[in-house]
Amino acid sequence: QVQLVESGGGSVQAGGSLRLSCVASGYTYNIFCMTWFRQAPGKEREGVARINANGKITYADSVKGRFTISRDNAKSTLYLQMDSLRPEDTAMYYCARERGFWCPPRMSTITPDYWGQGTQVTVSS
């Protein structure tokens, strides 16, 4: 069974950093595009960053230059390094598996087929 388990969330002051991890199991991790999403209360879930099976990366404009997505295929783990955090980054962050080797043309909540449980990130002023 496919499982995605996020960790690494927490509370941090503005300007601080966090590193999120997503451990995948139950499938051949290295051949799937993976995406990080986030959702704040009352807000739409939005794509943050994604990485395809060859390592090609896409970021949302709101996090470019501050967040770094990476994957360790040997450990079946997806990472999101978040630096220069802002209060508006506060959200539940989710790891998601896309449906194939290549990422979809745009980030969308309708394209992943499996989701993790989420990990909370809170950034205070």
Side-chain angles (χ1 to χ4, degrees):
Q1 183 178 12
V2 174
Q3 289 185 297
L4 302 170
V5 181
E6 302 98 331
S7 63
S11 182
V12 66
Q13 292 184 334
S17 298
L18 288 171
R19 191 189 195 198
L20 307 183
S21 298
C22 170
V23 178
S25 62
Y27 72 99
T28 306
Y29 168 79
N30 63 304
I31 63 171
F32 285 87
C33 173
M34 301 292 294
T35 305
W36 284 102
F37 292 85
R38 67 185 182 186
Q39 186 171 23
K43 304 288 187 179
E44 293 184 350
R45 190 170 296 187
E46 63 178 351
V48 175
R50 62 186 176 190
I51 182 168
N52 76 7
N54 282 335
K56 183 180 179 181
I57 293 168
T58 302
Y59 294 103
D61 288 342
S62 60
V63 306
K64 284 182 179 178
R66 300 188 298 119
F67 290 11
T68 303
I69 189 172
S70 62
R71 63 193 299 163
D72 186 336
N73 289 334
K75 297 180 179 179
S76 297
T77 301
L78 181 72
Y79 300 100
L80 186 67
Q81 177 67 44
M82 304 184 294
D83 299 318
S84 301
L85 283 163
R86 305 166 180 169
E88 54 263 41
D89 295 319
T90 296
M92 186 73 75
Y93 283 72
Y94 299 91
C95 170
R97 187 185 84 169
E98 302 290 352
R99 297 177 184 269
F101 186 98
W102 304 107
C103 296
R106 62 181 63 85
M107 296 185 199
S108 171
T109 58
I110 69 173
T111 55
D113 57 358
Y114 290 94
W115 295 81
Q117 84 290 346
T119 185
Q120 179 67 40
V121 172
T122 302
V123 184
S124 60
S125 300

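This is a predicted model, so every value here is computed, not measured.
Using modelled atom types, no side-chain atom of Gln81 and backbone atom of Arg19 make a donor-acceptor pair closer than 3.5 Å. Within the 3.5 Å criterion, the main-chain N or O of Tyr93 finds no donor-acceptor partner in the side chain of Thr119.
Residues Asn52 and Arg50 have side chains that never bring a donor and an acceptor to within less than 3.5 angstrom of each other.
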Full working for side chain to side chain contact (heavy atoms under 4.5 Å, CB included) between Tyr29 and Arg71:
CA-CA 10 Å; Tyr29 168 79; Arg71 63 193 299 163; 3.2 Å; yes
Using the side chain to side chain contact (heavy atoms under 4.5 Å, CB included) rule, take Thr109 and Gln39 through it: C-alpha gap first, then chi angles, then the decisive distance, then the call.
CA-CA 11 Å; Thr109 58; Gln39 186 171 23; over 6 Å; no
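Within the 4.5 Å cutoff, side-chain heavy atoms of Arg38 are placed close to those of Ser62.
The residue from Arg106, Arg97, Glu98, Arg99 that alone fulfils the side chain to side chain donor-acceptor pair (under 3.5 Å) condition with Thr111 is Glu98.
Distance check: Asp83 CG to Thr68 OG1 gives 6.5 Å after rounding to the nearest 0.5 Å. Atom CZ of residue Arg86 and atom OG of residue Ser125 lie 12.5 Å apart, to the nearest 0.5 angstrom. Note that CH2 of Trp36 and CD1 of Ile51 are 12.0 Å apart. Values are rounded to the nearest 0.5 Å. Note: Asp89 CG to Thr122 OG1 = 11.0 Å, rounded to the nearest 0.5 Å. Atom CG of Leu20 and atom CE of Met82 lie 3.5 Å apart (nearest 0.5 Å). Expressed to the nearest 0.5 Å, how far CG of Asp72 lies from CG of Asn30 amounts to 11.0 Å.
The two residues Ala60 and Gly47 come nearest to each other via the heavy atoms CB-O, 3.5 Å. Contact between Ser84 and Ser17 at its shortest, heavy atoms only, is N-OG, 4.3 Å. Across every non-hydrogen atom of Pro112 and Ser108, the tightest pair is CD-O, 3.2 Å. Heavy-atom minimum distance, Met34 versus Cys95: CE-SG, 3.6 Å. The two residues Thr58 and Met107 have their closest heavy-atom pair at O-CE, 3.6 Å.
Residues that satisfy the ring-ring contact (aromatic ring centres under 6.0 Å, His included) test with Phe32, not counting sequence neighbours, are Tyr27.
Val2 and Val23 are not part of a single hydrophobic cluster, where members link through side-chain heavy atoms under 4.5 Å apart. Cluster membership check: Leu4 shares its hydrophobic cluster with Val121, using side-chain heavy-atom separations under 4.5 Å among Ile, Leu, Val, Met, Phe, Trp and Tyr. In the hydrophobic cluster analysis, where Ile, Leu, Val, Met, Phe, Trp and Tyr join through side-chain heavy atoms closer than 4.5 angstrom, Val5 is grouped apart from Tyr114. The cluster map of Ile, Leu, Val, Met, Phe, Trp and Tyr, joined by side-chain heavy atoms under 4.5 Å apart, puts Leu80 and Val123 in the same cluster. Each of Leu85 and Tyr79 belongs to its own hydrophobic cluster when Ile, Leu, Val, Met, Phe, Trp and Tyr are linked at side-chain heavy-atom distances under 4.5 angstrom.
Hydrophobic cluster of Trp115: the remaining members, joined at side-chain heavy-atom separations below 4.5 Å, are Phe37, Met92, Tyr94, listed by chain and number.
Using a cutoff of 4.0 Å between basic side-chain nitrogens and carboxylate oxygens, Asp61 and Lys64 are scored as salt-bridged.
Dense packing is recorded around CD of Glu88, with more than 12 heavy atoms of other residues, nucleotides or ligands lying under 6.0 Å away.
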